[in-house]
**Student:** 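Supplied in structure tokens, the structure appears directly below.
None of the values given here were measured: they were computed from a predicted structure. Basis for what follows: all heavy atoms, side chains included, without hydrogens, waters or symmetry-related copies.
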Amino acid sequence: QISVFSVWLMLLWGKVTVLPFGYKERGMRNQQVLIDSLPQGKLSASNYRLAESDIAAPAAGQVLVKTTAFAITAGTRAGLQGSASYAGAPTTGVVMNSTGVGEVVESTVAEFAVGDAVVAPTGWQTLSLHEGRALTKIDPSHDPVHYLGPLGVNGLTAYFGLLHIGQPKAGETVMVSAAAGSVGHLVGQIARINGCHVVGVMGSDAKAQVLVDQLGFDVAVNYKDANFRQSLKEATANGVDFYFDNTGGMILGSALFRMNVGGRIACCGVVSQYDTDSPEPGPRGIPGLLVNNRITMRGFLVFDFAQHYAEARQQINTWLESGELTSLTDEVNGLEAAPEGFVDLLAGGNVGTRIVRV
């Protein structure tokens with residue numbers, strides 16, 4: 001307990017912020033990264049600012065979570081430009097959104113005890129309050145960070161986009177763009193596990209080597225190479241049966257001309273158009289190429305498959321434990337490093353899932 005005299009002294013010295021009952025006893029302050037301004041053109045770290053705020057005790061039905069780590073994903077850039085309708089209208093003065101993993105520090109929900117590891121929409125902050133239904137308890141036998149990668153949104157997106165949308169058959173050629181990214185490096189491996197010939201497209205020779213030597217891709221093609229189109233043609237000598245598109249733009253255009261009759265395309269993301277206010281035009285040949293080659297082109301969101309998450313996680317975890325699937329994690333440390341980490345990711349600086357360790 002703090003004496004009245006002590007409080008009077010601290011008020012006199014200007015060291016007390018008047019808080020609702022309970023804050024001083026709990027001694028908790030929340031550090032946050034807020035969206036300070038909406039980007040014009042490319043994202044800059046200056047579009048964000050660090051802040052500190054009070055955090056209330058959980059009300060009935062709520063859980064207070066201390067963030068351990070959170071993911072930085074290219075898709076959240078679309079939310080800043082208003083092109084992701086599911087993310088709502090972009091705005092400033094709010095915590096940057098993301099999925100994180102953390103530890104329950106206070107709870108009024110019977111299903112969640114203090115110390116439980118959970119997945120939550122933490123955003124870029126050290127503490128966050130959630131309704132119990134927004135949390136997923138992490139199996140104690142699992143690495144919590146896997147819930148930001150292969151067992152989280154990235155892995156589930158790869159799993160459902162490939163197996164439910166693409167439905168590849170053994171021996172077919174699967175092409176993946178942004179293949180060294182958080183989703184792409186998992187798509188290619190799951191395609192390999194299912195007996196497919198896997199072609200990855202990425203933006204550096206170093207990434208290409210990782211895909212082939214470490215992850216088992218059959219071939220990787222650098223889209224920044226001057227001979228990209230010829231290299232892609234050679235890499236897909238038998239055409240492409242399924243293309244997992246994370247980029248849109250020029251790479252999607254190139255894939256369309258390599259598709260076999262009856263080919264399928266899953267449209268997952270448009271990273272080529274996120275970090276700009278003047279995106280390149282869509283590819284040529286639509287709908288002609290789709291009609292002539294009877295190509296199915298389908299967009300999807302991972303949330304479409306929410307009722308099947310548990311079975312997908314079980315299968316993905318089996319692959320992880322057997323060593324058939326490798327999860328690459330690209331880490332930065334400290335909340336204050338998140339803005340620069342996001343800018344670097346959009347410039348292609350990551351390999352695998354980028355996370356911030358808080």
**Student:** List the steps and the verdict of side chain to side chain contact (heavy atoms under 4.5 Å, CB included) for Lys224 and Ser204.
**Tutor:** CA-CA 7 Å; Lys224 294 182 180 178; Ser204 78; over 6 Å; no
**Student:** Please, which pairs that meet side-chain hydrogen bond (donor to acceptor under 3.5 Å, both in side chains) have at least one residue in residues 323-336, sequence neighbours excluded?
**Tutor:** Ser322-Glu324, Asp330-Arg354, Glu331-Arg357
**Student:** Is it the case that atom CD in Glu131 sees more than 12 heavy atoms from other parts of the structure closer than 6.0 Å?
**Tutor:** yes
**Student:** Assess the residue pair Leu129 and Val63 against the criterion (side chain to side chain contact (heavy atoms under 4.5 Å, CB included)); give the C-alpha distance rounded to whole Å, side-chain angles, the decisive distance to 0.1 Å, and a yes or no.
**Tutor:** CA-CA 6 Å; Leu129 273 174; Val63 179; over 6 Å; no
**Student:** Taking the side chain as every heavy atom from C-beta outward, state whether Val343 and Leu345 have any atom pair closer than 4.5 Å.
**Tutor:** no
**Student:** Counting C-beta onward and ignoring hydrogens, is there a side-chain heavy-atom pair between Leu186 and Gln189 closer than 4.5 Å?
**Tutor:** yes
**Student:** Side chains of Val183 and Asn246: closer than 4.5 Å at any heavy-atom pair?
**Tutor:** yes
**Student:** Kindly work out whether a path of hydrophobic side-chain contacts (I/L/V/M/F/W/Y, heavy atoms less than 4.5 Å apart) joins Val198 to Tyr223.
**Tutor:** no
**Student:** Check the hydrophobic clustering (I, L, V, M, F, W, Y; side-chain heavy atoms under 4.5 Å; chains of links allowed) and say if Val119 and Val302 are grouped together.
**Tutor:** yes
**Student:** Return the CZ to CG distance between Arg294 and Leu289, rounded to the nearest 0.5 Å.
**Tutor:** 12.0 Å
**Student:** Is it possible for you to say whether Ile190 and Val240 belong to one hydrophobic cluster, with membership spreading through side-chain heavy-atom contacts below 4.5 Å?
**Tutor:** no
**Student:** Return the CG to CZ distance between Asn97 and Phe70, rounded to the nearest 0.5 Å.
**Tutor:** 11.0 Å
**Student:** Looking at Lys137 and Glu111, would you say the former's side chain and the latter's main chain have a donor-acceptor pair under 3.5 Å?
**Tutor:** yes
**Student:** Is there a path of hydrophobic side-chain contacts, each under 4.5 Å between heavy atoms, that joins Met175 and Val221?
**Tutor:** yes
**Student:** Taking Thr99 for the side chain and Pro121 for the main chain, is one N or O donor matched with an acceptor at less than 3.5 Å?
**Tutor:** no
**Student:** Under a 4.5 Å cut-off applied to non-hydrogen side-chain atoms, are Ser98 and Ile72 in contact?
**Tutor:** no
**Student:** Does Val104 reach the side chain of Val118, with side-chain heavy atoms less than 4.5 Å apart?
**Tutor:** yes
**Student:** Would you check, one step at a time, whether the test side chain to side chain donor-acceptor pair (under 3.5 Å) holds for Glu234 with Gln230?
**Tutor:** CA-CA 6 Å; Glu234 293 171 1; Gln230 180 59 34; 3.1 Å; yes
**Student:** State, yes or no, whether a side-chain contact exists between Leu335 and Val33 at a heavy-atom distance under 4.5 Å.
**Tutor:** yes
**Student:** Provide the closest heavy-atom pair for Thr67 versus Val358 in the form atom of the first, atom of the second, distance.
**Tutor:** O-CB, 3.7 Å
**Student:** Do Val65 and Val105 pass the side chain to side chain contact (heavy atoms under 4.5 Å, CB included) test, and can you show the C-alpha distance, the side-chain angles, and the key distance before you say yes or no?
**Tutor:** CA-CA 6 Å; Val65 175; Val105 291; over 6 Å; no
**Student:** Using ring pair (Phe, Tyr, Trp, His ring centres under 6.0 Å) as the criterion, list what pairs up with Tyr48, not counting sequence neighbours.
**Tutor:** Trp124
**Student:** Asn293 side chain to Ile295 main-chain N or O, any donor-acceptor pair under 3.5 Å?
**Tutor:** no
**Student:** What do the steps show when you test Trp319 against Ile193 for side chain to side chain contact (heavy atoms under 4.5 Å, CB included), and what is the final call?
**Tutor:** CA-CA 9 Å; Trp319 289 330; Ile193 291 169; 3.7 Å; yes
**Student:** Please answer whether the main-chain N or O of His164 pairs with a side-chain N or O of Gln167 as donor and acceptor at a distance below 3.5 Å.
**Tutor:** yes
**Student:** Checking the side chain of Lys207 only, and the main-chain atoms of Gly348 only, is there a donor and an acceptor separated by less than 3.5 Å?
**Tutor:** yes
**Student:** Tyr309: which residues meet the ring pair (Phe, Tyr, Trp, His ring centres under 6.0 Å) condition with it, sequence neighbours left out?
**Tutor:** none
**Student:** If you define the side chain from C-beta out and look only at heavy atoms, does anything of Phe242 sit under 4.5 Å from Thr173?
**Tutor:** no
**Student:** Side chain of His185, backbone of Val351: donor and acceptor closer than 3.5 Å?
**Tutor:** no
**Student:** Which residues pass the side chain to side chain donor-acceptor pair (under 3.5 Å) test with Thr247, sequence neighbours left out?
**Tutor:** Ser177, Asp245
**Student:** Under a 4.5 Å side-chain heavy-atom rule over Ile, Leu, Val, Met, Phe, Trp and Tyr, are Met297 and Tyr243 clustered together?
**Tutor:** yes
**Student:** For the pair Arg192 (side chain) and Leu215 (backbone), establish whether a donor and an acceptor sit closer than 3.5 Å, ignoring hydrogens and angles.
**Tutor:** yes
**Student:** Would you call the rings of Phe300 and Phe305 parallel, tilted or perpendicular, where under 30° means parallel and over 60° means perpendicular?
**Tutor:** perpendicular
**Student:** Thr122: which residues meet the side chain to side chain donor-acceptor pair (under 3.5 Å) condition with it, sequence neighbours left out?
**Tutor:** none
**Student:** Could I get the full list of ring pair (Phe, Tyr, Trp, His ring centres under 6.0 Å) partners for His142, not counting sequence neighbours?
**Tutor:** Tyr147
**Student:** Indicate the atoms forming the closest heavy-atom contact of Leu320 with Pro150, along with that distance.
**Tutor:** CD1-CG, 3.8 Å
**Student:** Could you tell me whether a side-chain N or O of Arg298 sits under 3.5 Å from a main-chain N or O of Ile165, the two making a donor and an acceptor?
**Tutor:** no
**Student:** Got Thr157 and Cys268 here, is their nearest side-chain heavy-atom distance under 4.5 Å?
**Tutor:** yes
